[in-house]
Amino acid sequence: MTQHLELLEAANLVVSVRRGREKLHFLNPVPLQEIYERWIAKFERPRLKALSNLKKQLEKADG
């Protein structure tokens, strides 16, 4: 597990803080957001547009 945390720290996805003998680990949201914006969002847009169009069509048919 230590190797995994070290790898995540090296990738700047996790930040660690020493508190006495403890070492606390926190997610770093900035690179995660950048990954989302660069890779995930472009695949999500067409799906959200399709859902929005479906919603409009269903509301039009209902009304």
Side-chain angles (χ1 to χ4, degrees):
M1 183 156 133
T2 303
Q3 291 175 337
H4 293 96
L5 288 172
E6 289 172 0
L7 183 65
L8 291 171
E9 281 183 86
N12 198 29
L13 295 174
V14 169
V15 177
S16 63
V17 177
R18 285 216 172 265
R19 191 168 64 183
R21 293 189 306 163
E22 294 180 320
K23 187 174 182 184
L24 305 173
H25 296 86
F26 301 93
L27 285 176
N28 183 0
V30 174
L32 296 173
Q33 179 64 28
E34 291 170 352
I35 291 167
Y36 170 80
E37 289 173 354
R38 185 171 182 177
W39 298 103
I40 298 170
K42 69 179 176 182
F43 296 108
E44 192 173 70
R45 269 185 232 116
R47 183 179 59 88
L48 292 175
K49 184 168 177 57
L51 287 172
S52 176
N53 290 339
L54 177 62
K55 180 181 181 280
K56 289 176 187 174
Q57 288 176 354
L58 291 172
E59 287 173 344
K60 195 184 304 181
D62 189 38

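With a 4.5 Å cut-off between side-chain heavy atoms of Ile, Leu, Val, Met, Phe, Trp and Tyr, the cluster of Phe26 takes in Val17, Leu24. Residue Val15 shares its hydrophobic cluster (ILVMFWY side chains chained together at separations under 4.5 Å) with no other residue. Residue Phe43 is found outside any hydrophobic cluster, as its side-chain heavy atoms come under 4.5 Å of no other Ile, Leu, Val, Met, Phe, Trp or Tyr.
Scanning for salt bridge (Lys or Arg N to Asp or Glu O under 4.0 Å) contacts around Lys49 gives an empty result, with sequence neighbours left out. For Leu7, the side-chain contact (heavy atoms from CB on, under 4.5 Å) criterion is met by no residue, not counting sequence neighbours. Annotation: side-chain hydrogen bond (donor to acceptor under 3.5 Å, both in side chains) contacts of Gln3 (sequence neighbours excluded): none. Checked against side-chain hydrogen bond (donor to acceptor under 3.5 Å, both in side chains), Lys55 has the following partners two or more places apart in sequence or in another chain: Glu59. Residues that satisfy the side-chain hydrogen bond (donor to acceptor under 3.5 Å, both in side chains) test with Arg19, not counting sequence neighbours, are Glu22.
Contact annotation: the side chain of Asn28 never approaches that of Leu13 to less than 4.5 Å [non-hydrogen atoms, C-beta and beyond].
A salt bridge (charged side-chain N to carboxylate O under 4.0 Å, His left out) check over residues 35-45, counting only residues at least two apart or in different chains, returns the pairs Glu44-Arg47. Sorted by first then second residue, the salt bridge (charged side-chain N to carboxylate O under 4.0 Å, His left out) pairs that include residues 5-15, not counting sequence neighbours, are Glu9-Lys23.
Expressed to the nearest 0.5 Å, how far CD of Glu34 lies from CG of Leu32 amounts to 9.5 Å.
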